[in-house]
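Note: hydrogens, waters and symmetry copies are ignored here, and every other heavy atom, side chains too, is used. Indexing begins at 1, ligand by ligand and atom by atom, following the structure's order.
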Amino acid sequence: MALLRSVVVGCGAYLPETIVTNAALAERGIETSDEWIVQRTGIRQRHIAGPDETTSVLGTKAAQAALDEAGLSPADIDLVICATSTPDHTFPSTATQIQAALGIEGGFAFDLQAVCAGFVYAVATADRFLSTGGAKRALVIGAETFSRIVDWEDRTTCVLFGDGAGAIVLEARENDASDRGVLTSCLRSDGRHRSKLYVDGGPGSTGTTGKLRMEGREVFRFAVGSVTDVIEEAFRTSGTTADDLTWFVPHQANRRIIEASADKLGIAREKVVLTVDRHGNTSAASIPLALAAARSDGRIKEGDLVMIEAIGGGFTWGAALIRW
Ligand code: UT7
């Protein structure tokens, strides 16, 4: 039997209309400045969801945009994975709410929680279903409303995050000479780092949602120092090198982390897709948002070799190499 590959056939995104600039945060009484935020993170603005814009609302719009690009209808989808740490409710899953909102009646849907690494985990998971015949077409979504779980009194974290959603459609296709599809993925986690990035509540502990807490400097150190292992492994297992990459689309947390990682891996700066300036850190949504931005402005084209990579709370981290 021919090898099945998970091929990207559509990509889309949705950002809430409300844009909040760094200056607007300072005007709201947060003891910060545009200069500090830009210099330390590269962030200039972020989108913030309105009261009725839940994670499933954002995710549904991004998923619809991805289906539109693919020229598919919801009935063509038999797997929905939503990577999120800000679900509408503890249960049912946000993925099932998106499934219902799109009018999908068959297949199966579930959430995947690996914080900022969620989208990479979701791509790797969908790929396993598609490449083994467990599903035919998957919507892989990253959707977040981190504005609801940041502590707006804590300037060390609240200035960093934003809301949004992005999605891709993956289709199981027999591998051919085009070599398109998810070529490899590599996932890691190490729960000993829990205290460096976590939410101080939850349904099974406090019975509350809780707020995000982060030791920024520690996360920064780990992100730059350790997570390149998964990218190096993805290069090794696929027999590719940094020179072969067309685009590097990392999780968008901090411009300094992204550029330091690219430099360390020998990835040329012009291959790096950056959206952190416009979106801030949208956790699991940041990679599909960046993919959609680079797709819609004509940078990512069919046949391009694209590396996605992220690190999130846990810690969790991972990379996937995709021939678009
Ligand atoms: O998506 C999950 C992964 N998360 C990340 O990747 C985040 C990783 N960490 C980072 O991006 C950076 O560590 C931060 C952007 C969070 C912080 O940058 P930093 O260069 O590590 O700054 P710092 O925490 O060492 O703080 C430097 C100073 C401190 O003042 P003192 O102690 O030197 O007087 C902070 O109190 O900056 C101060 N500061 C601020 N000043 C103005 C902290 N937050 C702010 C702020 N505005 N918003």
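The closest side-chain donor-acceptor pair between Glu53 and Tyr14 falls under 3.5 angstrom. Side chains of Thr94 and Thr55: no donor on one and acceptor on the other come within 3.5 Å.
By the 30° and 60° cut-offs, the orientation of the rings of His193 relative to Phe222 is tilted.
A cation-pi geometry, defined here as NZ or CZ lying under 6.0 Å from the six-membered ring centre and within 45° of its normal, does not hold between Arg217 and Phe220.
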Under 3.5 Å: N or O atoms of ligand 1 paired with protein N or O:
residue	atom	partner	partner atom	Å
ligand 1	1 (O)	His251	NE2	2.9
ligand 1	1 (O)	Asn281	ND2	2.6
ligand 1	9 (N)	Gly216	O	3.0
ligand 1	11 (O)	Asn254	ND2	2.7
ligand 1	13 (O)	Gly216	O	3.1
ligand 1	20 (O)	Arg40	NH1	2.8
ligand 1	20 (O)	Arg256	NH2	3.0
ligand 1	22 (O)	Arg40	NH1	3.2
ligand 1	25 (O)	Arg217	NE	2.7
ligand 1	25 (O)	Arg217	NH2	2.9
ligand 1	36 (O)	Arg155	NH2	3.1
ligand 1	37 (O)	Trp36	NE1	3.1
ligand 1	41 (N)	Trp36	NE1	3.4
ligand 1	41 (N)	Arg155	NH1	3.4
ligand 1	47 (N)	Thr32	OG1	2.7
ligand 1	48 (N)	Thr32	OG1	3.1
ligand 1	48 (N)	Arg155	O	2.9

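Side-chain atoms of Glu171 and Ser6, non-hydrogen and from C-beta on, never get closer than 4.5 Å to each other.
Every residue meeting the side chain to side chain contact (heavy atoms under 4.5 Å, CB included) condition with Ser147, not counting sequence neighbours, appears here in chain and number order: Ile48, Trp152, Asp163.
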